[in-house]
There are 2 protein chains.
Amino acid sequence: MAETRWLDEREARAWRGVIGVLQRLIAALERELVRDAGLSGAEYTLLVPLSEAPDGVVRARDLGRMVGWERSRVSHQVSRMEKRGLVAREECGEDARGSMVRLTDAGRASIVAAAPAHVAAVRRYFIDALTDAELEVIGPALERVLGRLPDVYA
Amino acid sequence: MAETRWLDEREARAWRGVIGVLQRLIAALERELVRDAGLSGAEYTLLVPLSEAPDGVVRARDLGRMVGWERSRVSHQVSRMEKRGLVAREECGEDARGSMVRLTDAGRASIVAAAPAHVAAVRRYFIDALTDAELEVIGPALERVLGRLPDVYA
DNA sequence: CCAGGGATGTTGACATGTCATCGAAAGTCG
DNA sequence: CGACTTTCGATGACATGTCAACATCCCTGG
């Protein structure tokens with residue numbers, strides 16, 4: 001095994017910045033979401049693609065692919081949201097194994113009420129803190145990082 | 001209430017990059033850590049500052065500040081790591097409320113064994129995917145984002 | 001001194017996320 | 001068709017993270 005090449009100061013700064021800042025940023029946004037709209041981050045994540053789908057119905061498998069979640073994570077989260085009345089499960093006609101997730105009226109009302117303030121918070125804490133030039137660099141750079149991850153996580 | 005200003009394509013790209021990196025990059029690194037070293041991300045996070053402290057002893061309060069965790073999170077995690085034999089709790093002489101966390105021999109052996117491969121993975125997935133110019137932009141930019149967060153998260 | 005406010009750590013309840021496993025159904029290929 | 005493999009979703013066990021409530025203890029103003 002070759003000798004370990006540790007991170008130099010600039011590398012460590014960028015690395016700590018990414019993980020530390022991003023975790024805090026996400027935490028801050030989620031708190032505002034819970035406080036102002038009564039929705040958790042996980043709930044918001046699933047409600048967005050559901051609200052954009054025709055009739056507000058998406059197959060569980062496709063929902064998972066849209067947000068990058070595994071099957072069991074989707075299943076657990078849908079169960080919790082079903083209890084809260086945000087979504088409902090239905091049978092899938094085309095595939096007897098499948099499960100369709102339907103946005104309820106209450107679910108649609110929640111996401112419609114929550115989205116504007118959430119987008120405004122993303123803008124306030126993240127977009128507005130960066131210059132145009134930085135935005136031009138950060139988007140493509142982070143996409144390149146994602147592209148290099150093992151397929152399982154990509 | 002003013003009309004919502006949604007994110008344009010460039011803004012959405014940067015934002016998706018942030019979310020994706022936080023979730024997938026961290027997940028990929030943690031999986032390698034668990035697979036190769038038998039340590040979770042939370043365990044690694046606490047073991048690093050402990051291994052760098054004199055005698056491997058840090059007060060719980062300071063440990064929390066070093067890694068940006070709240071008190072109860074530190075307490076729960078230390079309890080789990082105590083069960084695994086990675087750390088031990090001791091009384092704090094200077095402050096009877098306090099709790100000192102000591103790295104055990106097994107804990108030190110774990111972090112020493114895990115660190116080289118983990119640093120290599122950070123380099124492989126993150127540092128090496130970025131150019132020097134991008135690193136120069138990203139570090140300071142995210143530090144500016146951090147400065148704009150509510151104090152609780154800063 | 002000492003009463004009250006702040007700091008510290010623990011705990012229980014609960015939400016979230018991962019993994020292994022299971023049963024059922026669909027697809028594949030002889 | 002029939003055996004084998006793959007996909008899909010649900011579930012239980014467990015690790016992690018947040019919040020509120022507590023019990024202690026420190027510190028400061030009067």
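In what follows, chains are A, B, ... by sequence order, proteins preceding strands, each numbered from 1. Everything numeric here is computed off the predicted structure, so don't read it as measured data.
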Would you tell me if any nitrogen or oxygen in the side chain of [X] comes within less than 4.0 Å of OP1 or OP2 on [N]?
{"X": "B:R31", "N": "C:dT18", "result": "no"}
{"X": "A:R61", "N": "D:dG9", "result": "no"}
{"X": "B:R73", "N": "D:dT18", "result": "yes"}
{"X": "A:S72", "N": "D:dG9", "result": "no"}
{"X": "B:S40", "N": "D:dT16", "result": "yes"}

Heavy atoms only, 4.0 Å cut-off, all strands: where does [X] land among base, sugar-phosphate and nothing?
{"X": "A:R59", "answer": "sugar-phosphate"}
{"X": "B:R84", "answer": "nothing"}
{"X": "A:R65", "answer": "sugar-phosphate"}

[X] [atom1] to [N] [atom2]: how many Å, rounded?
{"X": "A:W69", "N": "D:dG9", "atom1": "CH2", "atom2": "P", "value": "15 Å"}
{"X": "A:I26", "N": "C:dT16", "atom1": "CD1", "atom2": "C1'", "value": "15 Å"}
{"X": "B:E70", "N": "C:dT11", "atom1": "CD", "atom2": "P", "value": "17 Å"}
{"X": "A:M81", "N": "D:dA10", "atom1": "CE", "atom2": "P", "value": "14 Å"}
{"X": "A:R35", "N": "D:dA20", "atom1": "CZ", "atom2": "P", "value": "13 Å"}
{"X": "A:R80", "N": "C:dT18", "atom1": "CZ", "atom2": "P", "value": "11 Å"}
{"X": "A:R71", "N": "D:dA10", "atom1": "CZ", "atom2": "P", "value": "11 Å"}
{"X": "B:Q77", "N": "D:dT18", "atom1": "CD", "atom2": "P", "value": "11 Å"}

Would you kindly say whether A:E32 and A:Y125 are connected by a side-chain donor-acceptor distance under 3.5 Å?
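Note: A:E32 and A:Y125 side chains meet the donor-acceptor criterion.
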
Side chains of B:S40 and B:R80 only: does a donor on one sit below 3.5 Å from an acceptor on the other?
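No - no donor-acceptor pair under 3.5 Å links their side chains.
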
Going from CZ on B:R102 to CZ on B:R108, what distance comes out if it is rounded to the nearest 0.5 angstrom?
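Rounded to the nearest 0.5 Å, the CZ-CZ separation comes out at 10.0 Å.
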
Interatomic distance, A:F126 atom CZ to A:L25 atom CG [nearest 0.5 angstrom]
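Atom-to-atom, A:F126:CZ and A:L25:CG are 7.0 Å apart.
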
Suppose we screen for salt bridge (charged side-chain N to carboxylate O under 4.0 Å, His left out). Which residues come up paired with A:D132, at least two apart in sequence or across chains?
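By the salt bridge (charged side-chain N to carboxylate O under 4.0 Å, His left out) rule, A:D132 matches B:R10.
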
Test of understanding: with salt bridge (charged side-chain N to carboxylate O under 4.0 Å, His left out), list the residues that count as partners of B:D95, not counting sequence neighbours.
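Expected list: B:R59, B:R97.
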
What nucleotide, of D:dA15, D:dC19, C:dT16, holds the atom closest to the side chain of B:H76?
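Nearest to the side chain of B:H76 among the choices is D:dC19.
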
Matching residue for A:L46 among A:V78, A:V58, A:V87 - test: side chain to side chain contact (heavy atoms under 4.5 Å, CB included):
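With A:L46 as partner, A:V78, A:V58, A:V87 yield a single side chain to side chain contact (heavy atoms under 4.5 Å, CB included), made by A:V78.
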
Which residues in residues 90-102 of chain A have a heavy atom closer than 4.0 Å to any atom of DNA chain C?
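Residues of residues 90-102 of chain A under 4.0 Å from DNA chain C: A:D95, A:A96, A:R97.
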
